[in-house]
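Report on the following structure.
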Amino acid sequence: MTIVYALILVAGLIGNICTCVVISRNKYMHTATNYYLFSLAISDLLLLVLGLPQEMYQIWVNYPYIFGEEFCIFRGLTSEMSTNASILTITAFTVERYMAICHPLKAHTMSKLNRAIKIIIAIWLCAAVCAAPLAAQLGIIYSEFNDEPILESARCNIKRAFSHSFEISTFVFFILPMTVISVLYVLIALELRRTSVVSRINSETSSNGVTTPLTRIKSRRKKIRSNNQSSRRDVVKLLGKSQFMSIII
């Protein structure tokens, strides 16, 4: 497990740091899509840096917990916050792609860089606020012998439990986002399929020398979608991979 964690840590650090550096240094990459990817990379870095080293240490020295109650709470807060931020970012990213693919006319006026930055800031604030109640339940607990705490048994765990807090968190940050994302992916797939069918019909109509109102409307929509058409399937694959990795973490 130490070797596996070490490989994940090194690969995650290199990959996410490179992502942040490449996006920040190249102005042409300062787009709404890449800002969402930057936010995902930051959340993954927080999870890796503050989580894996401690987990690796505890594989070898499980008791006592030597990092103190403050770090126990802080680590729980950052872990929950980064996980929440990842899930909300992927959801917002999916909504952006849905708008771009299924409603290109609206997306053309709504997809602004400043808007994406505001959404990302709101995501992190929401993630931090929702993570605080869960982190507040953590603390250092001890096993007891004759009603006396055994100091060597110190461990970071749930010290005080709030009613239904974990059930609410699971619904808000897993079940609900997964449902929204799944529905939007289905709608995106249907739109891609419909566009493919319409394009084939239009090409057959054009080859016969016939121009219809439908052909002209689709031609105008095609011009608006020109910036998104070539990257649709890549975006869907990228979102799927990012979602899968975030669920695993």
Side-chain angles (χ1 to χ4, degrees), residues 4-57 67 70-98 100 111-136 138 169-170 172-174 176-178 180-181 184 231 234-249:
V4 172
Y5 282 178
L7 291 175
I8 294 175
L9 179 61
V10 173
L13 288 177
I14 294 174
N16 287 293
I17 290 174
C18 287
T19 299
C20 294
V21 171
V22 169
I23 293 176
S24 61
R25 286 189 176 183
N26 296 280
K27 292 184 178 180
Y28 72 91
M29 298 191 73
H30 292 183
T31 63
T33 298
N34 288 332
Y35 273 31
Y36 285 120
L37 293 178
F38 189 91
S39 177
L40 279 175
I42 294 297
S43 65
D44 289 343
L45 282 173
L46 281 176
L47 204 57
L48 288 168
V49 173
L50 296 176
L52 275 184
Q54 178 183 273
E55 293 292 335
M56 293 168 63
Y57 177 83
F67 300 101
E70 291 78 9
F71 184 81
C72 172
I73 297 174
F74 177 74
R75 189 239 177 181
L77 175 64
T78 55
S79 177
E80 287 293 330
M81 180 178 65
S82 59
T83 303
N84 294 346
S86 294
I87 295 170
L88 293 177
T89 300
I90 292 173
T91 305
F93 198 8
T94 307
V95 172
E96 291 279 350
R97 291 303 91 195
Y98 166 77
S111 295
K112 303 296 184 182
L113 188 59
N114 291 336
R115 178 172 170 269
I117 294 174
K118 292 178 182 178
I119 291 175
I120 291 172
I121 293 174
I123 284 173
W124 279 95
L125 289 176
C126 178
V129 170
C130 293
L134 297 179
L138 299 175
S169 178
T170 301
V172 173
F173 291 103
F174 183 76
L176 185 60
M178 281 290 293
V180 172
I181 291 171
L184 292 181
S231 63
D234 293 336
V235 169
V236 172
K237 292 179 182 178
L238 176 62
L239 282 170
K241 292 177 182 178
S242 299
Q243 178 182 344
F244 177 72
M245 290 304 297
S246 296
I247 291 173
I248 290 177
I249 296 174

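Keep in mind it's a predicted model, so treat the numbers as computed, not measured. Numbering of residues begins at 1 and proceeds along the displayed sequence.
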**Message:** Let me confirm one number: the CG-CG distance from Leu46 to Asn16, rounded to the nearest 0.5 Å.
**Reply:** 10.0 Å
**Request:** Looking only at non-hydrogen atoms, find the nearest pair between Ser82 and Ser43 and report the distance.
**Result:** CB-O, 3.3 Å
**Request:** Please report the shortest heavy-atom distance between Gln54 and Phe71, naming the atom on each side.
**Result:** OE1-CE2, 3.0 Å
**Prompt:** So do the side chains of Leu47 and Thr83 get within less than 4.5 Å of each other, counting heavy atoms only?
**Reply:** yes
**Complete:** Here the pair of heavy atoms bringing Ile23 nearest to Phe38 is CD1-N, 4.1 Å
**Request:** Side-chain contact test, heavy atoms from C-beta onward, threshold under 4.5 Å: evaluate it for Leu50 versus Ser79 and give yes or no.
**Result:** no
**Request:** Take Ser169 and Leu134 through the side-chain contact (heavy atoms from CB on, under 4.5 Å) test and state the conclusion after the steps.
**Result:** CA-CA 9 Å; Ser169 178; Leu134 297 179; 3.5 Å; yes
**Prompt:** What distance separates Phe74 CZ from Met81 CE, expressed to the nearest 0.5 Å?
**Reply:** 7.0 Å
**Where Tyr5 and Glu55 come nearest, the two heavy atoms and their spacing** = CE1-CB, 3.9 Å
**Message:** Applying the side chain to side chain contact (heavy atoms under 4.5 Å, CB included) criterion to Glu96, which one of Thr91, Ile119, Thr33 satisfies it?
**Reply:** Ile119
**Item:** Spacing of CG belonging to Leu40 relative to CD1 belonging to Ile120, to within rounding of 0.5 Å
**Value:** 9.0 Å
**Rounded distance (nearest 0.5 Å) linking atom CG of Leu9 with atom CG of Leu52** = 5.5 Å
**Prompt:** Of the non-hydrogen atoms in Leu13 and Leu45, which two are nearest, and what is the gap between them?
**Reply:** CD2-CD2, 3.8 Å
**Fill in**
So CZ of Arg75 and CG of Leu138: to nearest 0.5 Å the spacing works out to 9.0 Å
**pair Asn84-Cys126: side-chain heavy atoms closer than 4.5 Å** = no
**Item:** Nearest atoms (heavy-atom pairs only) where Gly76 meets Ala135
**Value:** C-CB, 4.1 Å
**Asked** Where the side chain of Asn34 meets the backbone of Met29, is there a donor-acceptor pair that is under 3.5 Å apart?
**Response** yes
**Message:** How long is the straight-line distance from OG1 of Thr78 back to CD1 of Ile73, given to the nearest 0.5 Å?
**Reply:** 12.0 Å
**Request:** Answer yes or no: is there a side-chain heavy-atom contact under 4.5 Å between Ile8 and Leu48?
**Result:** yes
**Item:** Note, Ile90 side chain near Tyr36 side chain (heavy atom, < 4.5 Å)
**Value:** no
**Item:** Phe93 and Leu37, any side-chain heavy atoms less than 4.5 Å apart
**Value:** yes
